[in-house]
Amino acid sequence: MKKKHTAAIAALLLSLSLLLTACGGKTANTNTNTNSNTDTNTDTSTNTSPNSEATATTVVDEDKSGYEFSNRDQDGSYDDVAATVTLSDSGSTAEGSGVTVDGSSVTVTAAGTYVISGTLTAGSITVAAGEEDKVQLVLSGAAITNPDGPALYVKSADKVFLTLADGTDNTLSDGADAAATDDDKDLDGAVYSRADLTINGAGSLTVNGNAKHGVVSKDDLVITGGTITVTAQNVALSGKDCVKIEDAALHLTAGTDGIRSDNDEDESRGYVYIKSGKITIVSGSDGIQAETSLYVAGGTLDVTAGGGSASAPVQSGWGMWGGSASTTDTTGKGLKAGTDLTVTDGVITVDSADDSLHSNGTMTLAGGTLTLTSGDDGAHADETLTVNGGTLVITAAEGLEATVVTVNDGDVTITASDDGINAAQKSSAYEPLVEINGGSITIVMGAGDTDGVDSNGNIVINGGTISVTGNSAFDYEGSGVINGGTVIVNGQQVTTLPNQMMGGMMGPGGMGGFTPGGQSGTQPGGQPGTQPGGQPGGQPGGQGRPGGFGQH
């Protein structure tokens, strides 16, 4: 239990704001500009020049909150090839325009589509095009290793599309001792881009970040297709401004984070959006980390973070005596957001040493099937955590934790060793509150000083069904009321909330005081003292809680 005394409970008004449209901002752009060098949100152009791009309006609906993929992001086709490049250690060749070859180095200098095949064991591809140029690189059976730096380096362009040709296998690797720099900046990925980077197509790509990271974009990183396997010493996929994923099969093994967006200078950037696809992540630290928003609208995610729940540090402290168990500061969160984490659909399985889902701000779970196994919290938000739907199966020290926990709908099953649902003072913006308005909640608690529903403020049940099995079903420091719904404690329906506070199950009328008094507890947790100044409490009873206390 995590105890922090608070005053009265304030009512909560929670609204889920529309998330950002693209990495440059959070408002939808309704431009119909058909300029060939401009990304637009309505495809009214038939321009087929290398620099044309339009946004697929069919991608967005109310549930997607404004995130978009352009037509060209999604389309891995190609024609009007500017040049064909054949790689070879004995001498690469290029047929066409817009590309130069210098020994083992191939440089693309203009907008257009370039088809690349062959093998380089000590070479690289560099894009050094104009700031308004869109470049499409089609990997068609290409294997590139650069012992000294990135196998693919995008030095300059407006946007680069890395297309994986259907039916082909491609590999991009750097060396374990790679330490290339440019303009005093480390080029620390096997694929490194200073411009927006999109990976699409139906082929396969293996990326080996032997020195540090796998794929790095200092702007947007968008993935809309292909089968992509990344193994990295540090981060597998990094997009500074955003990472957006649709219809791709990703297999990520990372020494630190699996997917990361880390722009902390612009609140409209630094987000991760997953629309669909199949993603498997094994990460040494966090599975997915977004500096701002993390939004999952679909797909299948299987995340093992920090070695999984079995690798969680052993709790220490005095939790078994009614206090607060503590752990060392760990990494290993499954999905982590800096401001807000939202799930509206998808199948998500997380096994994490730390919190399976974590937000430093708010969290909304509105759909999907989530199976969360955690060494700490199943789902944790510092401010508000709202369950509006979906199926949650949680095995953790604590199931749901936030300053304010609200369940409006959904099917929630929690097996916990500390608190099933916990409202603790994690944010000064709210007062602790657990409010249940609907849904079906089943909580099974472990032995010891554990609570099914614990609030450092109030507990309000207005609807739904909640069943708690355990020594202490409810523990609250403010008031506990049942206005509606069905509440079952250890198989028996109750109409008033019991309250447990240091020493056995209490009725609604209060608990033992903290002046020594009464006989020592003999049942697990001890019974409350019955006289204001009786004999001092004896030995801790049962499970090791202190003996009885006198009344207030």
Side-chain angles (χ1 to χ4, degrees), residues 36-37 47-53 70-146 149-174 190-208 215 217 222-228:
S36 63
N37 283 328
N47 192 334
T48 59
S49 73
N51 285 333
S52 66
E53 183 178 5
S70 74
N71 288 332
R72 197 164 177 185
D73 282 336
Q74 298 169 313
D75 185 2
S77 64
Y78 56 95
D79 51 18
D80 298 329
V81 175
T84 299
V85 179
T86 303
L87 305 174
S88 174
D89 288 336
S90 60
S92 299
T93 60
E95 296 182 5
S97 61
V99 60
T100 62
V101 177
D102 181 10
S104 60
S105 298
V106 177
T107 303
V108 174
T109 59
T113 298
Y114 303 85
V115 179
I116 303 169
S117 62
T119 300
L120 280 178
T121 60
S124 63
I125 302 287
T126 299
V127 177
E131 296 295 335
E132 296 184 353
D133 287 343
K134 290 179 172 61
V135 175
Q136 182 179 24
L137 303 178
V138 180
L139 299 185
S140 183
I144 305 171
T145 298
N146 183 1
L152 171 60
Y153 172 37
V154 179
K155 180 181 178 69
S156 59
D158 175 48
K159 189 170 187 175
V160 171
F161 302 88
L162 185 62
T163 298
L164 310 177
D166 190 8
T168 68
D169 298 325
N170 306 277
T171 304
L172 299 172
S173 307
D174 63 4
V191 176
Y192 189 95
S193 177
R194 294 180 182 271
D196 295 338
L197 177 64
T198 292
I199 303 176
N200 60 20
S204 70
L205 173 64
T206 298
V207 177
N208 298 304
V215 179
S217 172
V222 179
I223 302 175
T224 65
T227 299
I228 301 169

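Computation of the quantities below employed the complete heavy-atom set of this structure, encompassing side-chain atoms and omitting hydrogens, waters and symmetry-equivalent molecules. Since the model is a prediction, treat every value here as computed from it, not as a measurement. Starting from 1, each residue takes its place in the sequence as its number.
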Exercise for review: Would you list the pairs meeting side chain to side chain donor-acceptor pair (under 3.5 Å) in which at least one residue belongs to residues 96-112, sequence neighbours left out?
Suggested key: none

Check your understanding: So do the side chains of Leu120 and Asp89 get within less than 4.5 Å of each other, counting heavy atoms only?
Key -> yes

Review point. Below 4.5 Å, heavy atoms only, C-beta onward: do Arg194 and Ser156 meet side chain to side chain?
Key: no

Practice item. Measure the shortest side-chain to side-chain distance between Leu197 and Val215 over non-hydrogen atoms and say whether it is less than 4.5 angstrom. Key: yes

Review point. Hey, are the side chains of Arg72 and Lys159 touching, using non-hydrogen atoms and a 4.5 Å cut-off?
Key: no

**Study point:** Gap between atom OH of Tyr192 and atom NZ of Lys155 - 0.5 Å precision
**Key:** 11.0 Å

Check your understanding: Any idea which heavy atoms bring Asp73 and Asn200 closest together, and the distance?
Key -> O-ND2, 3.2 Å

Exercise for review: State, without any angle test, whether Thr198 and Asp196 hold a side-chain donor-acceptor pair at a distance under 3.5 Å.
Suggested key: no

Exercise for review: May I ask you to test the Pro150-Asp174 pair for a side-chain heavy-atom distance under 4.5 Å?
Suggested key: no

Review point. Taking side chain as C-beta onward, heavy atoms only, is Leu164 less than 4.5 Å from Ile228?
Key: yes

Check your understanding: Distance-only, no hydrogens or angles: does the Asn170 side chain make a donor-acceptor pair with backbone N or O of Gly141 under 3.5 Å?
Key -> yes

Review point. Is Leu162 close to Leu139 at the side-chain level, that is, under 4.5 Å between some pair of heavy atoms?
Key: yes

Check your understanding: Are Leu137 and Leu152 close enough, and set up right, to give a side-chain contact (heavy atoms from CB on, under 4.5 Å), and what steps lead you there?
Key -> CA-CA 10 Å; Leu137 303 178; Leu152 171 60; 3.7 Å; yes

